[in-house]
Amino acid sequence: MTTSQPPLQTPVEHLDVLIVGAGISGIGAGRYLTTELPAKSFAILEARGASGGTWDLFRYPGIRSDSDLSTFGYEFKPWRDRQSIADAPKILAYLRETATENGLDERIRYHHRVLAVSWSSADARWTVDVERTDTGEQLRLTAGWVFCAGGYYRYDEGFTPVFEGRDRFRGEIVHPQFWPEDLDLTGKRVVVVGSGATAVTIVPAIAGTAAHVTMLQRTPTYVLPVPREDPIAARLRRWFGDERAHALVRRKNIAQQRAIYRFAQKHPKAARKAIRWVNTKQLPAGFDVDTHFNPPYDPWDQRLCAVPNGDLFRAIREGQADVVTDRIATFDETGIRLASGGHLDADVIVTATGLSVQAFGGVAITVDGEPVTLSDSVAYKGMMLSGVPNLAFAIGYTNSSWTLKIGLLCEHFVRLLRHMDERGLDTARPVLADPGMPTRPFLDFAAGYIQRAVAQLPRQGDRMPWLTSMDYSDDVKLLRADSVVDPELRLTSSRDRLPRPAAAVGA
Ligand SMILES: Cc1cc2nc3c(=O)[nH]c(=O)nc-3n(C[C@H](O)[C@H](O)[C@H](O)COP(=O)(O)OP(=O)(O)OC[C@H]3O[C@@H](n4cnc5c(N)ncnc54)[C@H](O)[C@@H]3O)c2cc1C
């Protein structure tokens, strides 16, 4: 009897493109590849057991977008629902429908976490180390390109500052990223710590169930009511049908977002006054708007919080919720003692204190044996890294819909790949012509979670193509209209780098 021996070397699977993450960005990238470059082999590796990323992970009450879905949704797929500011389950259904319609269900490999990618210039390919999150098995494959769509925060932990006395609290403490499915707030006194998008979503969503909700904030945020449904979009859909209406509403909303952002940047005092006026009209007479809704920074230095149909203000008007602006001295057995001396009684404390930022899905990057330190690299066109070949990443806008940028950079990515294929090139490496160029943080955004993470992110330069634009029309020019050929993007073929065969020398 003969015993069969395992092969000495199992063949390693090779893909033209490896996409990391099956959230809105990774699914979008997959769709651009299948439609624009159908001959390319690719897979989407997803660490979790489900697609959708953010829109599947978060389960807190009221979870919704704060962008309108005509711009947050894909350019290629109309958003048909009446809700313009949409609930997470609707967004998730839309993403999964996109995956199915584009044959991506078969491309997504669940429970596959990408741990590390190492580039070899000699082979012009990445070696990718993967861990199966369900079995712990370690896998290896190779890829010509890596497209990193792993989002910008950690999935396994949120951000919670150290709260003195936390252990003394006898009630329940909940972080919105890990909302317990069976949490019953009926008749409970709830304190929501935080003032960002998550806090302003949760407060009105639980206001009808809890005995009382208090939003406890250290610093106020700009909060603006927005219509949950867009009557103009509904009318355009009736007149022109879904496809045409989607394009029109998208254009309208992009223009609107840009106009508001630009106005706020140019005329911060007037913007502040206008927001204050809107807030005052929504809040009960005598409400202390200046303490609770008048931030120390200018509008849009941090992301504005949208509240659909003013639901937060309604909860305050109806006496179901209130806002306290103060500092936490300590948690105690029955709630939170404030620096001002007051006390908030609580049965449940929700720590809506933010995300723990993580760039590039935590993937370790090595180029020809040298580890890449993200903070030493400079972002090229906001989508590649200086000195790092064949790696693109999806980081979207922080001042408007994230995805508006992702769509444009996917277009640029497929154009670049097509250009290289047509010329037999296999390596694209951004190289700084001026290594002394001054640099600054990749994201100029004052939000706490970005500031905490600046050192983990790449940097940007002071000139194109090293600037990371946050402006849609600048990016339309750079990423959609301009050529992919650029003196600071070195396009080569590994064949040209091979030593020439002896017979050919001197031929
Ligand atoms: C509650 C909430 C609401 C938001 N609302 C808006 C909004 O209204 N408008 C807006 O513009 N932005 C919003 N954002 C920001 C939002 O996260 C992005 O707009 C968008 O959803 C990000 O999509 P993404 O696909 O890039 O990343 P994610 O949604 O984070 O998806 C990343 C995926 O990659 C996977 N992954 C990560 N690392 C690895 C790895 N190493 N290997 C394999 N898989 C990996 C993750 O498991 C995940 O599935 C919101 C964020 C949050 C948290």
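Hydrogens, waters and symmetry mates play no part in the numbers below; they use all other heavy atoms, side chains included. Every number for a ligand or one of its atoms is a count from 1 in the order of the listing. For reference, positions follow the sequence shown, starting with 1.
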Original post:
With a 4.0 Å heavy-atom cut-off (strictly under), which part of L115 contacts ligand 1: side chain, backbone, both or neither?
Top reply: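 Answer for L115: neither.
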Please confirm whether the ring centroid of [X] lies under 6.0 Å from the ring centroid of [Y].
{"X": "Y74", "Y": "W79", "value": "no"}
{"X": "Y261", "Y": "F263", "value": "no"}
{"X": "Y222", "Y": "F293", "value": "no"}
{"X": "F147", "Y": "F42", "value": "no"}

Is it true that [X] lies under 4.0 Å from ligand 1, counting heavy atoms only?
{"X": "A149", "result": "yes"}
{"X": "Y397", "result": "no"}
{"X": "Y152", "result": "yes"}
{"X": "T201", "result": "no"}
{"X": "Q358", "result": "no"}
{"X": "S401", "result": "yes"}

Original post:
Would R48 count as a cation-pi partner of Y110, with NZ or CZ less than 6.0 Å from the six-membered ring centre and within 45° of the ring normal?
Top reply: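 So R48 doesn't make the cation-pi contact.
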Original post:
So is there a nitrogen or oxygen of S67 less than 3.5 Å from a nitrogen or oxygen in ligand 1?
Top reply: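 Looking only at distances, the answer is yes, because the N/O contact criterion of under 3.5 Å is met.
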Original post:
Between F442, Y152, F393, which is the residue that forms a ring-ring contact (aromatic ring centres under 6.0 Å, His included) with F360?
Top reply: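 Single pass found, and it is F393.
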Subject >> Heavy-atom nearest neighbour in the protein, as seen from atom 34 (O) of ligand 1, with distance rounded to 0.1 Å >> reply: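 That would be G21 CA, 3.2 Å.
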